[in-house]
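Just follow the structure's listing: the first ligand is 1, and inside any ligand the first atom is 1. When a residue number appears, it is its place in the shown sequence, counting from 1. Keep in mind the model is a prediction, meaning the values are calculated, not measured.
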Amino acid sequence: MIRIENLSRKFEVGNQIVRALDHIDLEITKGEYISIMGVSGSGKSTLLNILGLLDTPTKGDYILSGINTSEMNDDEMAHIRSTKIGFVFQSFHLIPRLTAAENIEMPMVLAGIKPKDRQEKVEIALSHVSLNDRSDHKPEQLSGGQRQRVAIARSIVMEPDVLLADEPTGNLDSTSGIEIVRLIEDLNKAGLTLIVVTHDRKLGNRSDRLIRLLDGKIINDNVK
Ligand SMILES: Nc1ncnc2c1ncn2[C@@H]1O[C@H](COP(=O)(O)OP(=O)(O)OP(=O)(O)O)[C@@H](O)[C@H]1O
Ligand SMILES: [Mg+2]
């Protein structure tokens, strides 16, 4: 489903060059559960952003479902991002003035799905994360764990093939964290490809495959 070949991402800041990703090869099969670990600055978020088409490599190839992403134009990339890829971030990234239901609805609004078709999908997504009774709450009226559940509902409402989570439990206490982990693991068991960046060794050890980055290179790739 995903193939990365000799991929590098350089950043130039002033006269300094940062090799955030340095000649990476990686293959990911549909339905896998992968965690990505590594010290701060090792390139984890850069890799996730490239996988999610939020960023593009400086060199090398990213082949997604048989198509080389370097041959896609902006519209094609945006379409794949909105229909095939779900994102969850450490800091939730919810829109503060919208309710939980409206936040979850947003990807469908952007994709041009009709209002009457959206309602049912919002309900289903809310029940997936057990938040039907909080649908009218704004983010500030929800706990951290509930906010992350809204973010997960939003990320799956378009029924993506892959869920990319960048430290999804980083801002949560351990009880809410484990709830979130179980939730995304259940989605994986139902067929969603799951890729989680984490600093938490316990969380990293739960996955079927653990990839370690250091200085933009893959130093370990263990399938359990
Ligand atoms: N937009 C940018 N411009 C310049 N340098 C960047 C940019 N984004 C990332 N970098 C650099 O690339 C390297 C990798 O960054 P990245 O955010 O991928 O690390 P990370 O492994 O996610 O770290 P953390 O655990 O702290 O989130 C870092 O050295 C960082 O300074
Ligand atoms: Mg990061």
Side-chain angles (χ1 to χ4, degrees), residues 2-28 32-64 69-70 72 74 77-78 80-81 85-94 144-145 147-148 151-152 154-155 160 162-174 176-178 180-181 183-185 188 193-223:
I2 284 171
R3 206 167 80 235
I4 274 178
E5 286 172 0
N6 201 22
L7 183 147
S8 297
R9 175 66 166 109
K10 275 194 297 195
F11 292 106
E12 292 186 33
V13 181
N15 54 13
Q16 198 191 356
I17 295 177
V18 179
R19 295 177 199 284
L21 293 175
D22 196 4
H23 298 93
I24 283 196
D25 293 298
L26 183 60
E27 207 159 325
I28 296 172
E32 275 198 276
Y33 174 14
I34 298 176
S35 52
I36 300 176
M37 298 192 74
V39 295
S40 182
S42 56
K44 305 181 297 295
S45 295
T46 305
L47 177 57
L48 216 62
N49 289 343
I50 286 178
L51 288 172
L53 300 176
L54 294 173
D55 188 20
T56 48
T58 332
K59 222 186 86 188
D61 292 304
Y62 171 18
I63 295 131
L64 179 60
T69 59
S70 67
M72 293 177 188
D74 288 351
M77 278 205 200
I80 290 177
R81 209 160 43 225
I85 301 167
F87 267 102
V88 178
F89 301 94
Q90 177 174 0
S91 50
F92 322 129
H93 290 201
L94 298 173
R147 285 180 209 183
Q148 194 60 301
I152 289 170
R154 179 184 57 185
S155 77
V162 51
L163 183 65
L164 304 173
D166 199 346
E167 302 195 36
T169 63
N171 277 342
L172 303 177
D173 63 74
S174 57
S176 316
I178 196 74
I180 292 300
V181 170
L183 183 56
I184 57 180
E185 287 178 350
N188 169 254
T193 307
L194 176 60
I195 305 174
V196 185
V197 166
T198 183
H199 276 117
D200 181 341
R201 197 178 301 245
K202 271 193 255 158
L203 176 50
N205 283 331
R206 292 173 69 102
S207 66
D208 304 322
R209 179 176 172 191
L210 176 57
I211 293 172
R212 279 188 187 281
L213 291 180
L214 182 66
D215 294 336
K217 295 186 181 72
I218 293 178
I219 54 162
N220 237 308
D221 184 352
N222 283 332
V223 180

(Q) With a 3.5 Å distance limit and no angle check, can you tell me whether Q148 reaches the backbone of F89 through a side-chain donor-acceptor pair? (A) yes

Open item on the list: Could you check whether atom CG of N171 has more than 12 heavy atoms from other residues, nucleotides or ligands sitting under 6.0 Å from it?
Closed with: yes

Tell me whether N220 contacts the main-chain N or O of L210 through its side chain, where contact means a donor paired with an acceptor under 3.5 Å. no

Atoms listed for the Mg ion (ligand 2) (protein only, N, O or S, under 2.8 Å, no waters) are S45 OG

Note to self: Can a donor-acceptor pair be found, under 3.5 Å and without considering hydrogens, that links the side chain of D25 to the backbone of N6?
What the structure shows: yes

Less than 4.0 Å from some atom of ligand 1, heavy atoms are found in residues F11, V13, V18, A20, V39, S40, G41, S42, G43, K44, S45, T46, E167, H199

Would the distance check show the side chain of S91 and the main-chain N or O of H93 forming a donor-acceptor pair, the cut-off being under 3.5 Å? no

Those residues at least two apart in sequence (or on a different chain) that pass side chain to side chain donor-acceptor pair (under 3.5 Å) with T58 are none

Salt bridge (Lys or Arg N to Asp or Glu O under 4.0 Å) pairs touching residues 11-24, sequence neighbours excluded, are D22-K217

Tested for side chain to side chain contact (heavy atoms under 4.5 Å, CB included) against S42, the lone hit among I219, I36, L213, L47 is L213

Any ion pair linking D166 and K44 (charged N to carboxylate O, less than 4.0 Å)?
-> no

